[in-house]
Engineer: 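Supplied in structure tokens, the structure appears directly below.
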Amino acid sequence: MKLTKAEKLDYFVCSITGAITSAPDNYYLEGDDWPSNKRELLDQWAAAKQTLKKSTEQVAIVDQLLTSMILAFDENRKEDGRTIAWQIYNMKVERFR
């Protein structure tokens with residue numbers, strides 16, 4: 001099944017929400033962890049941003065924020081990572097075109 005642009009963006013936003021609530025070490029379900037969440041975030045963002053033609057400036061900002069968020073979580077700086085994840089979430093990525 002091929003996902004629409006809206007679905008790809010929604011999945012990415014859901015993964016950002018997971019990072020806000022769980023990363024890097026507060027995962028509740030067996031098999032969920034930061035490395036798998038990180039991989040999911042990167043894959044979903046790569047798929048979603050390929051569909052975006054008009055929001056180029058916002059895409060560049062999300063790219064930078066996502067890199068910073070991942071670095072923060074990788075370094076176990078939870079609050080910094082969550083703050084950056086909130087910044088991405090508050091950009092309303094699901095509205096990008």
Side-chain angles (χ1 to χ4, degrees):
M1 175 173 76
K2 186 175 179 180
L3 298 175
T4 66
K5 175 178 15 183
E7 290 169 326
K8 290 175 183 180
L9 290 168
D10 285 343
Y11 283 130
F12 175 69
V13 171
C14 286
S15 289
I16 287 293
T17 303
I20 291 168
T21 59
S22 303
D25 58 3
N26 291 333
Y27 292 92
Y28 300 104
L29 297 176
E30 187 174 328
D32 282 353
D33 58 16
W34 171 238
S36 62
N37 185 211
K38 176 171 53 173
R39 217 172 10 263
E40 188 175 89
L41 277 164
L42 292 170
D43 290 347
Q44 289 173 348
W45 179 238
K49 77 179 186 177
Q50 288 179 346
T51 68
L52 303 172
K53 305 297 182 219
K54 295 182 180 180
S55 301
T56 55
E57 289 180 22
Q58 293 96 326
V59 166
I61 293 168
V62 171
D63 282 338
Q64 292 172 348
L65 289 172
L66 191 57
T67 299
S68 297
M69 182 194 78
I70 288 169
L71 180 62
F73 284 137
D74 284 347
E75 294 176 348
N76 206 32
R77 293 182 288 118
K78 294 180 203 181
E79 291 308 313
D80 291 342
R82 289 181 179 154
T83 298
I84 297 166
W86 272 113
Q87 289 176 309
I88 296 170
Y89 181 85
N90 288 329
M91 289 181 70
K92 304 292 184 203
V93 174
E94 66 276 11
R95 296 181 185 166
F96 288 7
R97 300 288 165 238

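Worth saying up front: this structure is predicted, and the values here are computed from it rather than measured.
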Engineer: To the nearest 0.5 angstrom, please state how far the CE atom of Met69 sits from the NZ atom of Lys38.
Structural biologist: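 Reported to 0.5 Å precision, the distance equals 9.5 Å.
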Engineer: Do Gln58 and Val93 come within less than 4.5 Å of each other through their side chains, counting heavy atoms only?
Structural biologist: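 They are not in contact (no side-chain heavy atoms under 4.5 Å apart), so the answer is no.
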Engineer: Tell me which donor-acceptor pairs under 3.5 Å the side chains of residues 8-17 have, and how far apart each pair is, sequence neighbours excluded?
Structural biologist:
| unit_1 | atom_1 | unit_2 | atom_2 | d |
| --- | --- | --- | --- | --- |
| Ser15 | OG | Tyr11 | O | 3.4 |
| Ser15 | OG | Glu40 | OE1 | 2.9 |
| Ser15 | OG | Gln44 | OE1 | 2.5 |
| Thr17 | OG1 | Val13 | O | 3.0 |

Engineer: Kindly determine whether Thr67 and Leu71 satisfy side-chain contact (heavy atoms from CB on, under 4.5 Å), including the steps that lead there.
Structural biologist: CA-CA 6 Å; Thr67 299; Leu71 180 62; 5.7 Å; no
Engineer: So, for Leu41 and Ala19, which heavy atoms are closest and what is the spacing to 0.1 Å?
Structural biologist: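 Closest heavy-atom pair between Leu41 and Ala19: CD1-CB, 4.4 Å.
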Engineer: Grab the two heavy atoms, one from Phe96 and one from Lys5, that are nearest each other, plus how far apart they are.
Structural biologist: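 Nearest heavy atoms, Phe96 then Lys5: O-CD, 4.5 Å.
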Engineer: Which pairs would a plain distance check flag for residues 81-90, meaning a side-chain donor or acceptor within less than 3.5 Å of a matching protein atom at least two apart in sequence or in another chain?
Structural biologist:
| unit_1 | atom_1 | unit_2 | atom_2 | d |
| --- | --- | --- | --- | --- |
| Arg82 | NE | Ile20 | O | 3.1 |
| Arg82 | NE | Ala23 | O | 3.3 |
| Arg82 | NH2 | Ala23 | O | 2.7 |
| Thr83 | OG1 | Glu79 | O | 2.8 |
| Asn90 | ND2 | Trp86 | O | 3.2 |

Engineer: What's the spacing between Ser36 OG and Asp43 CG if we round to 0.5 Å?
Structural biologist: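 With rounding to 0.5 Å, OG (Ser36) is 11.0 Å from CG (Asp43).
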Engineer: With a 4.5 Å cut-off on side-chain heavy atoms, are Leu66 and Leu42 touching?
Structural biologist: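 Of all side-chain heavy-atom pairs linking Leu66 with Leu42, at least one is under 4.5 Å.
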Engineer: State, to 0.1 Å, how close Glu7 and Lys2 come at their nearest heavy-atom pair, and which atoms those are.
Structural biologist: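 Heavy atoms of Glu7 and Lys2 come nearest at OE1-O, 4.2 Å.
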Engineer: Can you name the side-chain hydrogen bond (donor to acceptor under 3.5 Å, both in side chains) partners of Arg77, sequence neighbours left out?
Structural biologist: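 Glu75, Asp80.
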Engineer: If we only count heavy atoms from C-beta on, is the Asp63 to Trp45 side-chain gap below 4.5 Å?
Structural biologist: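 Result yes, sub-4.5 Å side-chain heavy-atom pair found.
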Engineer: Would you please test Val62 and Lys49 for side-chain contact (heavy atoms from CB on, under 4.5 Å) and show each step?
Structural biologist: CA-CA 10 Å; Val62 171; Lys49 77 179 186 177; over 6 Å; no
Engineer: Start with the C-alpha distance between Trp34 and Asp74, add both sets of side-chain angles, then the distance that settles side-chain contact (heavy atoms from CB on, under 4.5 Å), and finish with yes or no.
Structural biologist: CA-CA 8 Å; Trp34 171 238; Asp74 284 347; 2.7 Å; yes
